[in-house]
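Atoms considered below: every heavy atom in the structure, side chains included; atoms not considered: hydrogens, waters and symmetry mates. Just follow the structure's listing: the first ligand is 1, and inside any ligand the first atom is 1. Since this is a predicted model, take the numbers as computed values, not measurements.
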Amino acid sequence: MDQNILVKTESLSVDFTSGKIVFRALHCVNAAINKGEFVSIVGVSGSGKTTLLNTIGGLITPASGSVVVDGVRISSLSEEERTRFRREHIGFIFQNDNLIPSLNVFQNICFSAWLAKKEFEIDEVRTLARQLHIEDKLMELPDDLSGGQRQRVAIARAMLAKPALLLADEPTGSLDSANGRELMQLLRAAVREQGMTVLMVTHNEEFASLTDRILHIEDGRIIAEDSAGRPCRSGV
Ligand SMILES: Nc1ncnc2c1ncn2[C@@H]1O[C@H](COP(=O)(O)OP(=O)(O)OP(=O)(O)O)[C@@H](O)[C@H]1O
Ligand SMILES: [Mg+2]
């Protein structure tokens, strides 16, 4: 595989079965994401964006085809190997924030890095919390936060672990436009400074236009790609 490619899907199809009905959510998707690329996925609700992200992340088993991440065919791994690979290489910002209700914000932020056994300085937690405007919430429980604040905790948790691949499902969905723009700058900085690769689902055209490449998905198929939105490589 090309050394510059971090993620490759090969004829990837995903089915959801309920009773006797099989619904094909992804149809033979072929996509490649380069190392250090910031790519957005856009499409209407129900088009398959979350399914694509979660299949790339190894959370959904494809009906056929495969996903290769950093040279590893993740569908060929055992469940245990896949979990370990995911912890060490992939960060998720889920469409719902998936915080652990019994842990405070500080502990939630540290959680993915702890699981992946990645070392970090407490100052890194403080810096991320400050950048995401949740520094005064570190001792609070997720239930005491607003939706946008919880989403920012989930973002900090994913970023602290410095994954090679960050899969972000509408990370700006619960954020106001100022916080959304700041998040875009934070993600761009992680791409530029850490070489992180980011795949982000968004409904926001402005934010999609700030990424290196846009994948348009419709009815489970990638129908177009464009790299029109590159104007701010250094700005954002
Ligand atoms: N676990 C599931 N079981 C059955 N069908 C599912 C499941 N998850 C998703 N689907 C179906 O697959 C299709 C794609 O869903 P998906 O969640 O990927 O859409 P999406 O593009 O992320 O939408 P949204 O913008 O609303 O988040 C939808 O028709 C959905 O109903
Ligand atoms: Mg979705």
Nearest protein heavy atom with distance in Å, relative to [atom]:
atom                    : result
atom 17 (O) of ligand 1 : T50 CB, 3.7 Å
atom 18 (O) of ligand 1 : T51 OG1, 2.6 Å
atom 21 (O) of ligand 1 : K49 NZ, 2.8 Å
atom 9 (C) of ligand 1  : F16 CE1, 3.4 Å

Charged N to carboxylate O under 4.0 angstrom, [X] versus [Y]?
X    : Y    : result
R130 : D123 : no
E124 : K118 : no
E79  : R82  : yes

Worksheet entry | Heteroatom test (N, O or S) for T51 near the Mg ion (ligand 2), limit 2.8 Å |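 For T51, the answer is no, given that no N, O or S atom comes within less than 2.8 Å of the Mg ion (ligand 2).
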Worksheet item: Counting backbone and side-chain atoms alike, does S45 have an N/O/S atom under 2.8 Å from the Mg ion (ligand 2)?
Response: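 No, since none of the N, O or S atoms of S45 sits under 2.8 Å from the Mg ion (ligand 2).
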At less than 4.0 angstrom from any non-hydrogen atom of [X], what atoms of ligand 1 do you find?
X    : result
Q95  : 27 (O)
E170 : 25 (O), 27 (O)
H203 : 25 (O)

Worksheet item: Hey, does S47 sit under 4.0 Å from ligand 1 if you only count heavy atoms?
Response: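 The answer is yes, since S47 has a heavy atom less than 4.0 Å from ligand 1.
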Worksheet item: Any heavy atom of S18 sitting closer than 4.0 Å to ligand 1?
Response: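 Not so, S18 does not reach ligand 1.
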Item to complete: Would you kindly specify which portion of V44 sits under 4.0 Å from ligand 1, judged on non-hydrogen atoms: side chain, backbone, both or neither?
Response: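 Within the 4.0 Å criterion, V44 contacts ligand 1 through backbone atoms alone.
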Practice prompt. Taking atom 30 (C) of ligand 1 as the reference point, report whether a protein heavy atom occurs under 4.0 Å from it.
Written response: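 Answer no: nothing from the protein, no heavy atom, is under 4.0 Å.
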Discussion item. Is atom 25 (O) of ligand 1 near the protein, in the sense that some protein heavy atom lies at less than 4.0 Å from it?
Written reply: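 Under the 4.0 Å cut-off, atom 25 (O) of ligand 1 does have protein heavy-atom neighbours.
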Worksheet entry | Test side-chain contact (heavy atoms from CB on, under 4.5 Å) applied to E10 and V68, V67, V29, the passing residue |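 So the option named by the test is V68.
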Worksheet entry | Partner of L160 by side-chain contact (heavy atoms from CB on, under 4.5 Å), out of F120, F111, W114 |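 That would be F120.
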Discussion item. Let me check something: do I223 and V44 share a hydrophobic cluster, defined by ILVMFWY side-chain heavy atoms less than 4.5 Å apart, either directly or through other members?
Written reply: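 No: no chain of side-chain contacts under 4.5 Å links I223 to V44.
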Worksheet item: Would one find an N or O of F23, backbone or side chain, under 3.5 Å from an N or O of ligand 1?
Response: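 Between F23 and ligand 1 (N or O atoms, distance only) the closest approach is not under 3.5 Å.
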Worksheet item: If we only count N/O pairs under 3.5 Å, is A25 in contact with ligand 1?
Response: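 Between A25 and ligand 1, no N or O pair is found under 3.5 Å apart.
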Discussion item. Using side-chain heavy atoms (C-beta onward) and a distance below 4.5 Å, is T197 in contact with N34?
Written reply: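 No. Closest side-chain heavy atoms not under 4.5 Å.
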Worksheet item: Within a strict 4.5 Å, meaning less than it, do heavy atoms of the I33 and R213 side chains meet?
Response: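 Sidechains of R213 and I33: in contact.
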Discussion item. Nearest non-hydrogen contact with atom 14 (C) of ligand 1 belongs to which option: G173, G46, S45?
Written reply: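 It is G46 whose heavy atom sits nearest to atom 14 (C) of ligand 1.
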Practice prompt. Heavy atoms only: give me the nearest M200-L187 pair and the separation to one decimal.
Written response: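 Heavy atoms only, the tightest pair is SD-CD1, 4.2 Å.
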Practice prompt. Please report the shortest heavy-atom distance between F94 and N98, naming the atom on each side.
Written response: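 Smallest heavy-atom distance, with atoms named: CD1-ND2, 3.1 Å.
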Discussion item. For E135, I'd like to know if atom CD has over 12 heavy atoms of other residues, nucleotides or ligands within 6.0 Å.
Written reply: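 Above 12, so yes.
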